[in-house]
Number of protein chains: 2
Amino acid sequence: MTFPRSTPPEPQPHLPETPHPPQRHPGGRRPGENRTREQILDAARECFAERGYDATSVRRIAETAGVDQALVHHFYGTKEKLFLNALEIPMRMPEALAEAAAGDRAGLGSRIVLAHLRVWEDASARPAMMTTLRSAATHRSAAAVLRDYATGTIREALGKVITGEDAELRIALIATTLIGLSLTRYLVRLDPVPEASPQELAARLGPVIDLHLDPADPAA
Amino acid sequence: MTFPRSTPPEPQPHLPETPHPPQRHPGGRRPGENRTREQILDAARECFAERGYDATSVRRIAETAGVDQALVHHFYGTKEKLFLNALEIPMRMPEALAEAAAGDRAGLGSRIVLAHLRVWEDASARPAMMTTLRSAATHRSAAAVLRDYATGTIREALGKVITGEDAELRIALIATTLIGLSLTRYLVRLDPVPEASPQELAARLGPVIDLHLDPADPAA
DNA sequence: GTCTATATAACGATAGAC
DNA sequence: GTCTATCGTTATATAGAC
């Protein structure tokens with residue numbers, strides 16, 4: 001229960017004004033039930049991921065979703081609340097990292113990099129992560145989600161195998177490595193990085209992770 | 001002549017409409033000459049660095065500079081052009097990196113990290129770099145300046161000492177390391193990273209740079 | 001639930017007096 | 001060079017009909 005979902009400043013305890021599912025059905029999903037709410041959220045992630053928070057208007061999200069602008073406000077209240085819902089590190093990420101960390105110690109760093117990239121390469125998970133990364137520099141809530149990814153997911157996956165001095169700092173630097181990789185690969189697109197294969201990147205960055213997990217010398 | 005200054009889409013060849021120094025003086029700076037233009041630029045860097053491009057209004061920049069809003073447009077035309085002027089990797093950065101790279105091979109990675117941090121820690125250079133880094137995720141021009149820093153400055157400083165396979169990728173990954181470090185230290189503020197000393201960070205990341213400069217094995 | 005119409009506010013930018 | 005006043009646009013958000 002660490003945080004598949006984000007950590008917004010307001011946890012929005014019940015949302016009494018938002019008509020979630022208006023009526024519950026014992027036998028599962030009502031046939032022909034409304035999917036508009038999810039369509040709007042998907043469209044929001046798509047737009048936020050592509051252009052960032054400020055450059056994305058509610059009108060554009062509505063247009064992308066194929067609905068009216070007023071509906072966006074009807075379901076999510078404000079643009080900011082919709083944004084908080086769009087921020088997310090997908091559940092698959094903690095799962096993938098935990099699975100990579102569970103295996104043998106040899107090649108652990110490489111597997112971590114591959115797991116990180118596998119989730120990022122997944123088209124269905126991309127928009128939410130892209131939204132988070134792109135907005136982290138300008139939006140506190142997005143930065144908070146990114147921090148949670150680092151000190152939550154990564155720390156949880158690697159906390160058991162890491163030992164020695166400055167373990168906290170070294171975990172943070174592993175997170176820095178992965179976040180920096182996503183930044184230059186998917187956002188800034190720094191020349192050979194976007195074109196490199198996951199295997200190449202794992203070959204280059206796996207040893208870096210391993211170095212943080214198991215430093216050679218305190219001083220040289 | 002690589003790029004102390006940025007690489008904006010329009011190089012603004014002569015700026016015929018902008019009254020740079022209205023009249024030249026043979027004996028140097030005219031006493032009591034106008035410093036308003038620089039005040040505005042400094043204020044813009046301060047605001048852009050703190051809140052990003054979109055969240056910064058021209059009105060706010062003017063207020064920070066202690067001048068009228070119309071003056072900002074008078075000197076820089078549009079907000080976008082002012083932003084392009086605010087984007088900059090300070091001259092000191094290429095100098096510092098080149099100096100670090102010139103020394104002995106032992107401890108090279110550590111010296112690179114220290115040089116990078118030394119410039120970032122300088123209060124006078126910070127706003128321009130912060131503006132660049134903060135806006136890189138949402139503004140093409142800022143991302144371009146960041147790419148130039150990587151493929152220009154870093155490549156120029158380390159291109160001679162790096163050899164072997166995938167040299168381009170490995171240089172880009174060194175840039176990724178430094179940019180990622182600035183991201184988690186100054187922007188996202190990922191927990192122990194902002195509090196760590198430059199020496200601690202150099203001790204942890206120096207070997208990473210060295211690993212990219214001189215990889216141990218193609219495959220393990 | 002969905003749409004039309006609109007209230008309200010802030011923005012970038014300009015014109016023109018001094 | 002500096003300021004006052006304002007134009008035109010666009011944004012979020014809401015009220016209310018259907």
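Model, not experiment: these values are computed from the prediction. Letters go in sequence order (proteins before strands), and every chain restarts at 1.
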**Asked** How long is the line joining NZ of A:Lys79 and P of D:dA11, in whole Å?
**Response** 9 Å

**Message:** What is the separation between atom OH on B:Tyr53 and atom C1' on C:dG12, rounded to the nearest whole Å?
**Reply:** 9 Å

**Prompt:** Does B:Thr36 place a side-chain N or O at less than 4.0 Å from the phosphate oxygens OP1/OP2 of D:dT2?
**Reply:** yes

**Atom-to-atom span, CG of B:Asp68 to C1' of D:dT6 - whole angstrom** = 13 Å

**Asked** Rounded to the Å, how far apart are B:Ile40 CD1 and C:dA13 P?
**Response** 14 Å

**Fill in**
A:Lys81 atom NZ is separated from D:dA13 atom C1', nearest whole Å, by 12 Å

**Item:** Candidate nucleotides C:dT4, C:dC11, D:dC3, ranked by approach to the side chain of A:Ala70 - the nearest
**Value:** C:dT4

**Request:** Figure out the CG/P separation between B:Asp54 and D:dT10, and round it to whole Å.
**Result:** 16 Å

**Separation of atom CZ in B:Phe48 from atom C1' in C:dG12, rounded to whole Å** = 12 Å

**Asked** Do the side chains of A:Ile112 and A:Ile154 get nearer than 4.5 Å, heavy atoms only?
**Response** no

**Prompt:** Between B:Arg45 and B:Glu88, is there a side-chain N and carboxylate O pair less than 4.0 Å apart?
**Reply:** yes

**Asked** Has A:His73 got a side-chain N or O lying under 4.0 Å from the OP1 or OP2 atom of D:dT14?
**Response** no

**Asked** Atom CG of B:Leu71 and atom P of D:dG1: how far apart are they, to the nearest Å?
**Response** 9 Å

**Asked** Is A:Arg155 paired with A:Glu168 through a side-chain N to carboxylate O contact shorter than 4.0 Å?
**Response** yes

**Request:** Identify which nucleotide among C:dC11, C:dG1, D:dA13 has an atom closest to any side-chain atom of A:His74, counting heavy atoms from C-beta outward.
**Result:** C:dG1

**Asked** Quick one: which of C:dA13, C:dT2, D:dT14 gets closest to the side chain of B:Gln69?
**Response** C:dA13

**Prompt:** Does NZ or CZ of A:Lys81 lie under 6.0 Å from the centre of the six-membered ring of A:Phe75, at an angle within 45° of the ring axis?
**Reply:** no

